[in-house]
A.B. asks: 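Below: one structure in structure tokens.
Quick caveat: nothing in here was measured; it's all calculated off a predicted structure. Hydrogens, waters and symmetry mates are skipped; everything else that's a heavy atom, side chains included, is used.
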Amino acid sequence: IKLVPSLPPVVNGPESIEQLQCALADPVAPSVVFAMQPSQPGVDRHLLLVRVKLLQLDCCVRRKCWSFTTCGMRWVAQDEIVILLEQQSDASTENSVMDELLPPEVIFYHLLSIYEEAMNKHHVIIYLGHTVTPGTFLGSTEHGGFLFFRTTFQCVQQLPLPPPPYLVGVLLQRWEIPWAKVFPLRLLLRLGAEFRYYPCPLFSVRKRKSVFGEVGHTIVNLLAAMWKNNQRTTGRDGYA
């Protein structure tokens, strides 16, 4: 059922926007399942399902986050993906704050683009791989993409995780994308230091300050260009 024009169809349960909002926020209710249809018509393909829940992570990080968990990436040889995005609160009046009641639709379509890249071009995301989001993403041009990693020592008690193997994606700022290309592990550890969460946080925060600034950006861009040229060279020689 397509309850909200901007969101994918809902597979289970809710039959109105109000019921959808309640199901997403109810800690006892199961995750709401959305169905993503690949853009190529006329071909029998597996649906990509995305399970969504609004979680109150009060065990350690004390944040309210949207949880996006894929089901179906394995059909295209891609690890399942988990994204935890902190719920956004906007000031509606001078004295009141309105919380985000529905999950941001761009996350669904970014996950679908990952699915279609793996299905059509056999480009899969691996550990410490990244994606790039062009233009405005999640309401800001400063958001640059996601860096993907596996859970290690982080608390996952309240998370609806898929069966392994799976990857967790953390939102990056545009200044951080060159670091994701060349030094992804250092970027993750720097994020962990910023949020005081070892080795790195599982959740993403919108419109945060970049952990790397313009001074190091030029150097890392140069290293990224050298790395890219090296990849092209080894590819031509038949080693990659």
Side-chain angles (χ1 to χ4, degrees), residues 8 34 36 48-53 55 57 61 63 65-74 76-88 100 103-119 121 123-152 154 156 159-162 164-192 194-195 197 199-212 217 220 224:
F34 294 84
M36 303 296 299
L48 173 65
L49 302 179
V50 182
R51 305 180 188 276
V52 182
K53 195 69 181 172
L55 303 176
L57 301 179
V61 298
R63 293 174 184 266
C65 296
W66 293 109
S67 167
F68 298 83
T69 305
T70 66
C71 177
M73 289 284 188
R74 64 185 182 278
V76 293
Q78 170 67 61
D79 290 349
E80 302 295 347
I81 292 177
V82 177
I83 292 177
L84 295 175
L85 182 68
E86 187 176 35
Q87 184 189 37
Q88 185 167 268
E100 193 176 40
E105 68 274 6
V106 291
I107 299 295
F108 291 101
Y109 298 106
H110 190 65
L111 292 172
L112 181 60
S113 70
I114 294 172
Y115 179 88
E116 291 186 325
E117 279 284 307
M119 178 176 62
K121 301 180 182 179
H123 293 168
V124 297
I125 297 170
I126 60 174
Y127 170 64
L128 295 183
H130 70 281
T131 58
V132 177
T133 55
T136 301
F137 187 78
L138 288 169
S140 174
T141 57
E142 294 303 313
H143 297 145
F146 288 89
L147 178 60
F148 295 89
F149 57 95
R150 303 201 189 279
T151 55
T152 51
Q154 298 96 336
V156 296
L159 304 184
L161 298 174
Y166 61 86
L167 296 168
V168 178
V170 64
L171 184 64
L172 299 180
Q173 301 297 99
R174 294 220 174 270
W175 287 115
E176 296 165 351
I177 292 297
W179 292 84
K181 294 178 180 179
V182 184
F183 301 122
L185 186 56
R186 182 172 182 178
L187 174 56
L188 282 182
L189 294 175
R190 183 66 185 84
L191 286 170
E194 178 72 18
F195 288 96
Y197 194 93
C200 62
L202 299 178
F203 57 88
S204 297
V205 177
R206 284 172 268 193
K207 300 179 182 179
R208 62 173 172 81
K209 184 179 178 181
S210 175
V211 295
F212 290 114
H217 184 258
V220 173

A.B. asks: The criterion is ring pair (Phe, Tyr, Trp, His ring centres under 6.0 Å); which residues satisfy it with Phe108, sequence neighbours excluded?
C.D. replies: Phe34, Phe68
A.B. asks: Does Ile177 have any side-chain contact (heavy atoms from CB on, under 4.5 Å) partners at least two apart in sequence or in another chain, and if so, which?
C.D. replies: Val132, Leu172, Lys181
A.B. asks: For the CD atom of Gln78 and the CD atom of Glu117, what is their distance to the nearest 0.5 Å?
C.D. replies: 10.5 Å
A.B. asks: Donor-acceptor pair, Gln173 side chain versus Arg208 backbone, under 3.5 Å?
C.D. replies: yes
A.B. asks: Less than 4.5 Å apart, any side-chain heavy atom of Ile114 and any of Phe148?
C.D. replies: yes
A.B. asks: In the structure I gave you, are the side-chain heavy atoms of Phe195 and Val61 within less than 4.5 Å of one another anywhere?
C.D. replies: no
A.B. asks: Given Phe149, which of Val170, Leu185, Leu187 fulfils the side chain to side chain contact (heavy atoms under 4.5 Å, CB included) condition?
C.D. replies: Val170
A.B. asks: Out of the candidates Glu176, Arg174, Glu142, only one should pair with Ser210 under the side chain to side chain contact (heavy atoms under 4.5 Å, CB included) rule; please name it.
C.D. replies: Glu176
A.B. asks: Is any side-chain heavy atom of Phe212 closer than 4.5 Å to one of Arg190?
C.D. replies: yes
A.B. asks: What heavy-atom pair brings Thr141 and Thr136 nearest, and what distance separates the two atoms?
C.D. replies: CG2-OG1, 3.3 Å
A.B. asks: Any side-chain heavy atom of Leu159 sitting closer than 4.5 Å to one from Thr69?
C.D. replies: no
A.B. asks: Identify the heavy atoms of Tyr109 and Pro8 that sit nearest to each other, and give their distance.
C.D. replies: OH-N, 3.9 Å
A.B. asks: Just wondering, do Val211 and Trp179 contact through their side chains at under 4.5 Å, heavy atoms?
C.D. replies: no
A.B. asks: Taking the side chain as every heavy atom from C-beta outward, state whether Lys207 and His143 have any atom pair closer than 4.5 Å.
C.D. replies: yes
A.B. asks: So which heavy atom on Pro199 is nearest to which on Thr152, and how close?
C.D. replies: CG-OG1, 3.2 Å
A.B. asks: Is it true that Thr131 and His110 share a donor-acceptor pair across their side chains at a distance under 3.5 Å?
C.D. replies: yes
A.B. asks: Supply the atom-to-atom distance Arg186 CZ to Leu191 CG, rounded to the nearest 0.5 angstrom.
C.D. replies: 12.5 Å
A.B. asks: First locate atom NZ of Lys209, then atom CH2 of Trp175, and finally report the distance between them rounded to the nearest 0.5 Å.
C.D. replies: 13.0 Å
A.B. asks: Run the side-chain donor-acceptor check on residues 79-86: report pairs under 3.5 Å with partners two or more places apart or on a different chain.
C.D. replies:
from: Asp79; atom 1: OD2; to: Arg150; atom 2: NH1; distance (Å): 3.2
from: Asp79; atom 1: OD2; to: Arg150; atom 2: NH2; distance (Å): 2.8
from: Glu80; atom 1: OE1; to: Thr70; atom 2: OG1; distance (Å): 2.6
from: Glu80; atom 1: OE1; to: Cys71; atom 2: N; distance (Å): 3.4
from: Glu80; atom 1: OE1; to: Gly72; atom 2: N; distance (Å): 3.4
from: Glu80; atom 1: OE1; to: Met73; atom 2: N; distance (Å): 3.3
from: Glu80; atom 1: OE2; to: Gly72; atom 2: N; distance (Å): 3.0
from: Glu80; atom 1: OE2; to: Met73; atom 2: N; distance (Å): 3.2
from: Glu80; atom 1: OE2; to: Arg74; atom 2: N; distance (Å): 3.3
from: Glu86; atom 1: OE1; to: Arg63; atom 2: NH1; distance (Å): 3.2
from: Glu86; atom 1: OE2; to: Arg63; atom 2: NH1; distance (Å): 2.9

A.B. asks: Can you measure from CG (Leu147) to SG (Cys200) and round to the nearest 0.5 angstrom?
C.D. replies: 8.0 Å
A.B. asks: Per the side chain to side chain contact (heavy atoms under 4.5 Å, CB included) rule, which among Leu55, Leu202, Leu57, Val52 passes with Ser67?
C.D. replies: Leu55
A.B. asks: Show your working on side-chain contact (heavy atoms from CB on, under 4.5 Å) between Ile107 and Phe137 and close with a plain yes or no.
C.D. replies: CA-CA 9 Å; Ile107 299 295; Phe137 187 78; 4.1 Å; yes
